[in-house]
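This is a predicted model, so every value here is computed, not measured. Sequence lines set the chain letters: A, B, ... in the order given, protein chains first and strands last, and positions in each chain run from 1.
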Number of protein chains: 2
Amino acid sequence: MAATVTAPAKPDRMPGSRAARTRETEHRILTAALESFGTAGYDATSLDALAAGLGLSKQAILYHWPSKAALLDAVIDHACLDLVVEFDGVLRDAGEGWDRIEAIVRSVFRVAIRRPELLGFVREVSRLGGDAAARISADLEPFVARARGFLQREMDAGRFRRCDPGLLFVSAYSTVLGAATEVEVLRAVGFEPTARSTVVRRRELLSFLRAAIVAP
Amino acid sequence: MAATVTAPAKPDRMPGSRAARTRETEHRILTAALESFGTAGYDATSLDALAAGLGLSKQAILYHWPSKAALLDAVIDHACLDLVVEFDGVLRDAGEGWDRIEAIVRSVFRVAIRRPELLGFVREVSRLGGDAAARISADLEPFVARARGFLQREMDAGRFRRCDPGLLFVSAYSTVLGAATEVEVLRAVGFEPTARSTVVRRRELLSFLRAAIVAP
DNA sequence: CGATTCACTTACCAAGTGGTAAACATTCAT
DNA sequence: ATGAATGTTTACCACTTGGTAAGTGAATCG
């Protein structure tokens, strides 16, 4: 183990075809970029630093994508795929009505704990605006549309309080993402973001949402 | 005899005095920095661009504050002062119970329309983390503490649904700030951020919050 | 009045930034 | 084996960044 302390971990011969290794390299770059974009931020992430962290040179990244902006686009697609897969998997096994909301909230909290950079990245991209924000909107549009349809059906069935489904979605989105990611605000009200306090937060959030959404 | 009608002993108070002009320059810099930090972001704002927009040179800024980070600190204090003055003024004339929440929400929406960079700046600073986030937390702590006390009292009086005041605050904070500032998400669900749609958003948000907070 | 402080500018600089050009090594197809 | 394609590196480049040093003209002061 003491062999490669200073050496920048040359990519040893990997089993598999060249195409497979290429895909694997691109996947590693995407993962590292998502991590850095989602925590440090897009502007604060330099291609040099990103490459160095992977034992590559910056030009290796620019070989796979022609520019930093193109890399961002790829990371957006990568992240959205992860998100949609996660949520679709959860919803497939979820029940109806309020159970679906609860399942999603639990899922978001799980992501917030295990992969916080993913939610941070969503925030970051929508903050950046421009093409990137348009792209993430487009990527998530099918999911959002289904969510709105679900809310509408539940209202029609009289299970959810009647209101505008789109705005209800925005409210719920903000509330959930905030409770899951607003570390600084939580700290300001005296909540250190430990795993234990997360359970409490989730429970409180669910009762908040339930009161706001479910018809009396 | 008639030479000195208004005693010039304190030239500080003259409108054209050097001290007054210095204060005015610093105020202009703070305002422009708040605008740019709150919309483009801290990293994306260069001192050169900031100074050029004011008809100054970068070194004029670095004369008043020793570094970009020090300027950020000053902008944080400046912004928090504005926020606290705004909210305190609103709350002074507000009633009790739910009326106070409604007054604050209206106030946040007014700020979101008239000075969107202010709310964007709060988001940006808490995203940056580190010393800046600690500073904004400290600046707003008295306000947050009073808000929590208010929520606690309303719960004790049986007017608000009983829950953890700190977490209720976070939920309400996220929901309000989200509805007021998540332009991209709103666009994704089909809401262009016009002044007209803002009124609708505010009404929907209030009914959402009311259902979530007020005791049945 | 002259001296000094003040607010600001011009002139720099070292350290990055994203991106280009070209050389190089490995793998694949023939 | 050989030549082409592929993935990566080294060497650069123009430009921007925050920050320093030194100077300048005007307001202020003794």
> Given A:Glu182 and B:Arg123, is the salt bridge (charged side-chain N to carboxylate O under 4.0 Å, His left out) satisfied, shown in steps?
Replying inline: CA-CA 9 Å; A:Glu182 290 277 11; B:Arg123 269 267 154 89; 3.5 Å; yes

> Rounded to whole angstrom units, what separation is found between the NZ atom of A:Lys58 and the P atom of C:dT20?
Replying inline: 11 Å

> Once you round it to whole Å, what is the distance between C1' of D:dT6 and CD of A:Glu24?
Replying inline: 17 Å

> When the distance from CG of A:Leu54 to C1' of D:dG7 is rounded to whole Å, what number comes out?
Replying inline: 15 Å

> Could you state the CZ-P distance from A:Arg21 to C:dA25, rounded to the nearest angstrom?
Replying inline: 16 Å

> Can you list the residues that meet the salt bridge (Lys or Arg N to Asp or Glu O under 4.0 Å) rule with B:Arg210, with sequence neighbours excluded?
Replying inline: none

>> Checking A:Ser171 against B:Glu204: is there a side-chain donor and acceptor pair closer than 3.5 Å?
In response: no

>> Rounded to whole Å, how long is the line connecting atom CG of A:Asp48 with atom C1' of D:dA11?
In response: 13 Å

>> Classify A:Leu47 by what it touches in the nucleic acid, base, sugar-phosphate, or nothing, heavy-atom distance under 4.0 Å.
In response: sugar-phosphate

> If you draw a 6.0 Å radius around CG in A:Asp131, do more than 12 non-hydrogen atoms from other residues or ligands fall strictly inside?
Replying inline: no

>> Here's a test of your reading of the structure: between B:Gln59 and A:Thr45, which maps to the more 5' nucleotide of DNA chain C?
In response: B:Gln59

> Quick one: does B:Lys68's side chain have a donor or acceptor within less than 3.5 Å of a partner on B:Tyr42's backbone?
Replying inline: yes

> Think B:Ser46 has a side-chain N or O under 4.0 angstrom from the OP1 or OP2 of D:dT16?
Replying inline: no

>> Restricting to ring pair (Phe, Tyr, Trp, His ring centres under 6.0 Å), what partner residues turn up for A:Phe109, sequence neighbours left out?
In response: none

> Counting only N and O atoms by type, is there a donor-acceptor contact under 3.5 Å from the side chain of B:Ser107 to the main-chain atoms of B:Val90?
Replying inline: no

>> I'd like to know if B:Lys68 reaches the base of D:dG19 with its side chain, counting only an N/O donor and acceptor under 3.5 Å.
In response: no

>> In terms of relative ring orientation, are B:Phe121 and B:Phe37 parallel, tilted or perpendicular, with 30° and 60° separating the classes?
In response: parallel

> Between C:dC6 and B:His64, is there an OP1 or OP2 to side-chain N/O distance shorter than 4.0 Å?
Replying inline: no

>> For a quick check of understanding: with a heavy-atom distance under 4.0 Å over all strands, which category does A:Ser57 fall into, base, sugar-phosphate or nothing?
In response: base

>> From CG of A:Asp43 over to C1' of D:dT17, roughly how many Å is that when rounded to an integer?
In response: 13 Å

> Phosphate oxygens OP1/OP2 of D:dT8: is one of them under 4.0 Å from a side-chain N or O of A:Thr25?
Replying inline: yes

> Looking at residues 124-133 of chain B, who's got a heavy atom less than 4.0 Å off DNA chain C?
Replying inline: none

>> OP1 or OP2 of C:dA7 versus the side-chain N and O atoms of B:Tyr63: is any pair under 4.0 Å?
In response: yes

> For the pair made of CD1 in A:Ile61 and P in C:dT20, what is the distance, rounded to whole Å?
Replying inline: 15 Å

>> Distance check needed: D:dG7 P versus A:Glu26 CD, whole Å only.
In response: 8 Å

>> At less than 4.0 Å, is any side-chain N or O atom of A:Thr22 found next to OP1 or OP2 of D:dG7? Yes or no.
In response: yes

> The side chain of A:Leu62 lies closest to which of these nucleotides: D:dG18, C:dT20, C:dT17?
Replying inline: C:dT20

